[in-house]
Amino acid sequence: MTNNPEIGQALQKLIEGNKRFSSSKQSHPNQSRERRQELVKGQKPFAIIVGCSDSRIPPEIIFDQGLGDLFVIRVAGNIVDVVALGSIEYAVDHLGASLIVVLGHSKCGAVTATVQGGPVHGHVETIVQAIKPAIDTAKNLPGDLTDNTIKANARLVAGQIQSSQPILSELARLDKIAVVSAYYDIESGEVHIL
Ligand SMILES: [Zn+2]
């Protein structure tokens, strides 16, 4: 995936934090008054998380991280639009983050609604339309269609970020950033890299 040691270390940090969380051995790092004071000078988050708004998946908690550690973008269905891409570009360009994790999760309501295909109202339609291409990728796979669509969606969104012109695609080509898709199991609390 990458030969950039900084990216490898960032991913390792997330994996270790999630292991602490899922085994109830959290260390709750970087949540002190001292950390707060230190961050007045500025932030240098080590990873960008593109996650779902679902209240069961707060990134700082499930990766056992603290203040100033993660730059988080959350919308239902962990999808990206131009505003989200701009936010990612900002974190990469100005804050020095080099790892981007797109985090899908089990029991995702946005993906479930898309797979079920019933009527949706208002702006939810935009979310459903954005998730729909993942069904095409997932529909011929063995296993549960919704779960496969959740994983396909995370992969597709990671691909969109990685190929985003003109900034992120170039940085990915130069191995200055890497985009990883992952799946969070809300029952076990474990994150699996896809
Ligand atoms: Zn969700």
Side-chain angles (χ1 to χ4, degrees), residues 10-11 14-15 17-24 26 45 47-66 69-88 91 97 99-164 168 178-194:
L11 186 58
L14 289 178
I15 290 169
N18 176 251
K19 277 198 184 128
R20 291 193 302 272
F21 168 75
S22 60
S23 57
S24 301
Q26 295 96 324
I48 300 167
I49 310 293
V50 177
C52 182
S53 299
D54 192 307
S55 62
R56 297 168 290 186
I57 303 109
E60 282 85 354
I61 294 181
I62 68 158
F63 288 112
D64 193 27
Q65 301 299 324
D69 289 332
L70 305 177
F71 190 92
V72 176
I73 293 142
R74 285 175 81 181
V75 290
N78 43 269
I79 51 180
V80 289
D81 58 8
V82 287
V83 174
L85 289 170
S87 302
I88 295 169
L99 171 67
I100 302 151
V101 177
V102 180
L103 188 62
H105 68 96
S106 60
K107 313 276 180 196
C108 183
V111 174
T112 303
T114 306
V115 170
Q116 285 171 349
V120 291
H121 303 287
H123 297 299
V124 176
E125 179 64 21
T126 308
I127 298 171
V128 164
Q129 287 305 327
I131 296 171
K132 257 188 183 163
I135 300 177
D136 295 329
T137 311
K139 69 183 173 199
N140 296 319
L141 299 172
D144 181 71
L145 176 62
T146 302
D147 224 38
N148 287 334
T149 304
I150 288 165
K151 290 172 183 166
N153 181 53
R155 287 195 184 98
L156 284 174
V157 172
Q160 279 168 27
I161 296 168
Q162 195 159 338
S163 60
S164 166
L168 299 175
V179 192
V180 169
S181 54
Y183 175 89
Y184 173 73
D185 183 318
I186 62 169
E187 192 175 355
S188 69
E190 289 170 5
V191 171
H192 301 280
I193 305 299
L194 296 174

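For ligands, and for the atoms within them, numbers begin at 1 and follow the listed sequence. The analysis underlying the following values was restricted to heavy atoms, covering all of them including side chains, and did not include hydrogens, waters or symmetry mates. The residues of the chain are indexed from 1 along the displayed sequence.
- The heavy-atom pair separating Gln65 from Gly17 by the smallest distance is NE2-CA, 4.2 Å.
- The side-chain heavy atoms of Thr114 and Thr149, taken from C-beta on, include no pair separated by under 4.5 Å.
- Side-chain contact, Asn18 with Tyr184: no donor N or O sits under 3.5 Å from an acceptor N or O.
- Excluding waters, the set of protein N/O/S atoms under 2.8 Å from the Zn ion (ligand 1) reads Cys52 SG, His105 NE2, Cys108 SG.
- Of all the heavy atoms in Asp54 and His105, the pair that sits closest is OD2-CE1, 3.2 Å.
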Do any side-chain atoms of residues 152-160 form donor-acceptor pairs under 3.5 angstrom with protein atoms, and if so which ones, sequence neighbours left out?
residue : atom : partner : partner atom : Å
Asn153  : ND2  : Gly77   : O            : 2.9

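- Screening Leu85, Val83, Ile79 for a side chain to side chain contact (heavy atoms under 4.5 Å, CB included) with Asp81, the sole residue that qualifies is Val83.
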